[in-house]
Each structure stands twice: as structure tokens, then as C-alpha cells.
Number of protein chains: 2
Amino acid sequence: MLSKKTKYAIKALVSLGKNMGNPPIQISKIAEEEKIPKKFLEQILLDLRNAGFLYSKKGAGGGYSLNKDPKEIFLVQIMRITDGPIAMVPCASLNFYHKCEECKSETTCGIRSVFVDVRDATLQILTETSIANIIERENNLIAEV
Amino acid sequence: MLSKKTKYAIKALVSLGKNMGNPPIQISKIAEEEKIPKKFLEQILLDLRNAGFLYSKKGAGGGYSLNKDPKEIFLVQIMRITDGPIAMVPCASLNFYHKCEECKSETTCGIRSVFVDVRDATLQILTETSIANIIERENNLIAEV
DNA sequence: ATTAAGTCTATCTTTTCTATATACTTTATC
DNA sequence: GATAAAGTATATAGAAAAGATAGACTTAAT
């Protein structure tokens, strides 16, 4: 399961993505609109900022805006910052690998082999899907109704 | 991430799958061989038994064996028993659906739309992969070395 | 100077996961 | 039929993670 942290992060980025070209948005505004606890959102936005995805401005008239083209911010990047590994077992993780203590032979483990496949299938979608793409999906879904 | 419960469940099923045709195996034997805490494994095997996947025999000379053809036991079934939902967001789950409290419009939610795709990709693998298939993968991996 | 913002770090609370404990039931075997 | 070997069932402890909140600090606009 995606943590709320990650869900909130994506929601905030989508909000900011829709705001491109306009002055920065305040944490409290995003928190209110997306129904995210403000103090929790502060932490999340800080993480995203420290990872280089957001530009922030302190003081009156400050706020947050995207520091990159929404076409160049991919879900996989966000998820690795906020949730960590994409794979369902640590021994199948590319960026957060570690051994299963109880495992006898990793190279011949059938379970690992399946979850490497699952990881690859998941990764294919998450590395392709950008914030811009999510906004696009929403526009398409709205148009369908 | 897969819970240890699910990982242990799959390991136990693979053990039992390799034992087809032989007398039942005792919990303590599986626990020892697979390095799984015995009392924890008891609970897990009970769940699998109550779900109809295992046959059990009490008393001396008792133990567990598969109640189905290992070709007919699929990962998706096990995971739904031990971990619950496959989807990464509750609103994209087929068997454990529930609404995101903070979501404005589910039908037009771009995030949900992505994670429905992820769910489908994951599901395709997990509904195809059986215990027999995992054993087969292991044999292939051993042969490669 | 004052106010409106973000920054940083710590801590609290709740939930979930993992594991263990205890008492009970069934069955084989001597 | 007593005994030991096994599974059954339920409760609970302990640890870790997730979610949320608090408070003091910094920066910038007016």
C-alpha cells in the first residue's frame, strides 16, 4: 500500500503542476484544498524541496512552486523519496536492496524471481508516468463524463 | 511491501508443494527448514487451512499437506488471504475497495487511474503464477548455475 | 516593527506487524 | 486407557512504522 505521505505528495505536486506560470502557492492553501493535515504536508514538501523538485520562497508572499517541468517529474522518483522501495520484497529492490535473513539461496529463489517480474511491470508504469501525465489523465476523465 | 506473513505462507506452500505424494509434514519441520518462527507459522497455516488450501491431520503422525494441485494455487489467492489488497491504493482495489476520505471525485482522479493500471499489471502476474510455477522457476534457476 | 510565510527538529499517538503464550482437542501407539 | 505427538484457537505482548502535531527559528515583504 502507498503511504498517505506518498499520496499527499503526489496530490500536492499535481496541484502545483496545475499552477505553472502563476505565483507560488502556500502550504496552507494546498492543505485546505486537498484536505491534507498542514503540519504533515510541511514535512512532505520539505522533503520534495530538498530533493530538488520544488522551489520555495520564504516570507510574506512566499510559497511553493515546481522547480521542474511537470513532464519531467515521474511517480517513481516521488515514491522512492517518500516511501522508499518499489519492489514488494527487499531482495528484489533496485534502489533499496537488502538480503532476506531467512533465505537460503537468493539466486535460485523462485519467490524472488516472481517479485522481480512484478517489480519490472510496476516500474514500467511508474517510470513513464509524470505529474503532467496525471493531469492529462484527469482532463481525459473529465471529458469522458 | 509483502508482509513476512505472506512470505512465510508462500515458502510453506512451496515446501508442501515439493512434498506432494508423501505423508504430511509437521509445522515444526517446516519452521526449522525455512527458518520461520514456529508459533507464527502455526497461525499462518491455520489461515491457509481454513481457506481450503491445506489438509491437516491432528495427533501423532499428523501434519499438513496441500489440499489442491500446486498448479491450482495462485499467488494472488494467498496474498489476498494473508495481506489483503493487491492494489496500492484502497480506491483501486477489486476485493478490498474503500473510498479515500480526502478524495473529491474518484471517477476523475488521475492518481487512482494510474494505480488501477499498476494493479492490473501486478494482477496479471500474480493470477498466473502458481505454487507449481514457483517450483518450476527454482528448478530452472538451479539448472542455470 | 510587524506579519506572513517556510524551516527544522523533536515528540506524541495510533496502528499494524511480528511473535509468543496458554489452554484445548484429536489421534496414534504402547 | 495412558501418554505423547500433533494441530486448533484465542489472547496478548512487544516492536516498529505511520501519521500527525508542536514549538522555536529564519527569511522576506510591507
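Owing to the predicted nature of the structure, the values given are computational and were not obtained by experimental measurement. The figures here come from the full heavy-atom set of this structure, side chains too, leaving out hydrogens, waters and symmetry mates. Protein chains get the first letters and strands the later ones, always in sequence-line order, with residue 1 at the start of each.
Residue contacts for B:Lys5: at a heavy-atom cut-off of 4.0 Å it reaches the sugar-phosphate backbone alone, with no base atom in range. Here A:Lys57 lies in heavy-atom contact (under 4.0 Å) with sugar-phosphate atoms only. In this structure, B:Ile27 reaches the sugar-phosphate backbone alone: every heavy-atom distance under 4.0 Å involves primed, P, OP1 or OP2 atoms, never a base.
Rounding to whole angstrom units, CG of residue B:Asp47 and C1' of D:dG7 are separated by 14 Å. Put simply, OH on B:Tyr55 is 15 Å from C1' on D:dT8, counting in whole angstrom units. Between B:Asn50 atom CG and D:dG7 atom P the separation is 14 Å, expressed in whole Å. A:Phe40 has its CZ atom 11 Å from the C1' atom of D:dA17, to the nearest Å. Rounded to whole Å, atom P of D:dA16 lies 17 Å from atom CE of B:Met1. Spacing between atom CE of B:Met88 and atom P of D:dA18 amounts to 12 Å, rounded to whole angstrom units. Between the NZ atom of A:Lys35 and the P atom of D:dA20 there is a distance of 14 Å, given to the nearest Å. Rounded to an integer number of Å, the gap from CD1 of A:Ile44 to P of D:dA20 is 9 Å.
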Evaluate side chain to side chain contact (heavy atoms under 4.5 Å, CB included) for A:Leu94 paired with A:Arg119, printing each intermediate quantity in order.
CA-CA 9 Å; A:Leu94 291 169; A:Arg119 178 205 68 196; 3.5 Å; yes
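Under the salt bridge (charged side-chain N to carboxylate O under 4.0 Å, His left out) criterion, A:Glu144 pairs with no residue at all, not counting sequence neighbours.
Summarising the geometry, atom CD belonging to B:Gln77 is positioned 9.5 Å from atom CD1 belonging to B:Ile131; distances are rounded to the nearest 0.5 Å.
In the model, B:Asp47 has no side-chain atom that pairs as donor or acceptor with a side-chain atom of B:Asn50 under 3.5 Å.
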What donor-acceptor contacts under 3.5 angstrom involve side-chain atoms of residues 28-39 of chain A, with partners at least two apart or in another chain?
unit_1  : atom_1 : unit_2  : atom_2 : d
A:Glu34 : OE2    : A:Ser15 : OG     : 2.9
A:Lys39 : NZ     : A:Glu42 : OE1    : 3.4

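Using a 4.0 Å cutoff to heavy atoms of chain B, the contacted part of DNA chain C runs 5' to 3' from C:dT18 to C:dA28.
For D:dG19, the base has no donor-acceptor partner in the side chain of A:Lys39 [N/O atoms by modelled type, under 3.5 angstrom].
Salt bridge annotation for B:Asp117-A:Arg137: present, with a cationic side-chain nitrogen under 4.0 angstrom from a carboxylate oxygen.
Between A:Gly63 and A:Gln43, the residue anchored closer to the 5' end of DNA chain C is A:Gly63, taking for each the nucleotide with the nearest heavy atom. Judged by closest nucleotide on DNA chain D, A:Tyr8 is the one of A:Glu42 and A:Tyr8 placed further toward the 5' end.
Contact annotation: B:Ser56 reaches the phosphate of D:dT8 (side-chain N/O to OP1 or OP2, under 4.0 Å). Look at B:Arg49 and you'll find a side-chain N or O under 4.0 angstrom from OP1 or OP2 of D:dT8.
Among B:Leu75, B:Ile125, B:Thr129, the one residue that satisfies the side-chain contact (heavy atoms from CB on, under 4.5 Å) test with A:Phe115 is B:Leu75.
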